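Structure first, commentary second.
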2 protein chains.
Amino acid sequence: MKEYEHIETFNPKECLSGQISRINRLTATIFRKYISPFKVTNSQLTLLFILSKHNTLNQMQLSTIAKLEKSSLHRNIKRLVDSNYVSKADFPLLQLTNDGKKLVNTIIPEWEKAMTEIREIIGTEGESSIHQIHQNLISKT
Amino acid sequence: MKEYEHIETFNPKECLSGQISRINRLTATIFRKYISPFKVTNSQLTLLFILSKHNTLNQMQLSTIAKLEKSSLHRNIKRLVDSNYVSKADFPLLQLTNDGKKLVNTIIPEWEKAMTEIREIIGTEGESSIHQIHQNLISKT
DNA sequence: ATAAATAAGTTGTATATACAACTTATTTAT
DNA sequence: ATAAATAAGTTGTATATACAACTTATTTAT
């Protein structure tokens, strides 16, 4: 029988979605190792990092910067507000609380360690490739 | 006040975890556009693809190949069994059902279109960088 | 052959994410 | 200034993921 002819000839290992997802899971695990002792997640830290460089942002701005769907962003922020790292005092503007700033400042050295560990695995070329791919996706999407 | 000195000097845009997560979200959205009409998710398709190239695998083998934590794998497989794309008839061995094979064979051309769209964005260099980074992470982790 | 040790599989729990549908706020025509 | 249109924010729902703790199956010493 010559059914399923595509299956025989295709190469699923090429799948960019599969490869990128695996890259994401493996690198996330490394970052988590350094970050989780602070009781914050990788995604949460990304948002705290963005907020640490902007005085105030509304949800739409944050979702555009983080490339996160607005409903995902909404719930991530809710957790950060519940943990008292982000303030909605000036709603709809969001800003880091003092606790949030202190946490970011404290985590940065550990984050650097995670960055170093990843760089040792993917190399400087890997790092600049990621940057390039990221830029292309940001600008062409 | 000279508190939070790290915040002033660090550059969160460098964060490899942040960049990779964003790359993952953006590329997943492109793949989803082609794949979701078949009522299957990107993660599910990855597992179906792997199974399509192996007669049988147990959960441990699949989780090693997919780099998925065993409990995550377990529940992904459960959904595929519920959809009748994977059979547990030979448990603990898993295998594609005929429906599963037919689905994979049908989706491959659409998957190719998704691959083409991503390649147009990240380029051939991007694609081979992803492959290289993926290899490094697989072998050094 | 059996006990002890290890591996594989399962379930509970929390967070992350997207999409659809909805509500509330803001902006734009008239 | 008000109505209509658009944008921002919220909630419901389903899937994805990891970690911890547990149970069941398999393997390894004795």
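Please read these numbers as outputs of a predicted model, since none were measured by experiment. Below, all heavy atoms of this structure are taken into account, side chains as well, without hydrogens, waters or symmetry copies. Chain A is the first sequence line, chain B the second, and so forth, proteins listed ahead of strands; every chain is numbered from 1.
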So which nucleotide from dC19(C), dA18(D), dT15(C) ends up closest to the side chain of Ser71(B)? dA18(D)
dT24(D) pairs with, by Watson-Crick or G-U criteria that keep both distances under 3.5 Å: dA7(C)
Of Thr97(A), Asp99(A), Leu94(A), Leu47(A), the one forming a side-chain contact (heavy atoms from CB on, under 4.5 Å) with Val86(A) is Leu94(A)
Length of the line joining Leu94(B):CG and dA8(C):C1', which is rounded to integer Å: 12 Å
So, under a plain 3.5 Å distance rule, would you say the side chain of Ser72(B) forms a donor-acceptor pair with the base of dA18(D)? yes
Should the heavy atoms of other residues, nucleotides or ligands under 6.0 Å from NZ of Lys53(B) be counted, would the total exceed 12? yes
Expressed in angstrom and rounded to an integer, what is the separation of Lys78(B) atom NZ from dG12(C) atom P? 12 Å
For Arg25(B), answer base if it contacts any base atom (sugar-phosphate contacts may also be present), sugar-phosphate if it contacts only those atoms, and nothing otherwise; contact means non-hydrogen atoms under 4.0 Å. sugar-phosphate
Candidates dA16(C), dA18(D), dT15(D) - which lies nearest the side chain of Arg79(A): dA16(C)
Using the rule given for salt bridge (charged side-chain N to carboxylate O under 4.0 Å, His left out), can you reason through Lys140(B) versus Glu120(A), listing the C-alpha separation, both sets of side-chain angles and the distance that settles it, and then say yes or no? CA-CA 9 Å; Lys140(B) 302 180 188 172; Glu120(A) 280 165 0; over 6 Å; no
Considering every strand shown, what is the Watson-Crick or G-U wobble mate of dA18(D) when both distances are under 3.5 Å? dT13(C)
Lys33(B) and Glu117(B) ion-paired at < 4.0 Å: yes
When both distances are under 3.5 Å in a Watson-Crick or G-U wobble arrangement, the nucleotide paired with dT30(C) is dA1(D)
What residues from residues 43-70 of chain B pass a heavy-atom cutoff of under 4.0 Å to DNA chain D? Ser43(B), Gln44(B), Leu68(B), Glu69(B)
Lys/Arg N to Asp/Glu carboxylate O, Arg119(A) vs Glu14(B), below 4.0 Å: yes
How long is the line joining CZ of Phe91(B) and C1' of dT24(D), in whole Å? 10 Å
May I ask you to check whether over 12 heavy atoms, not counting those of Asn55(B), lie within 6.0 Å of atom CG? no
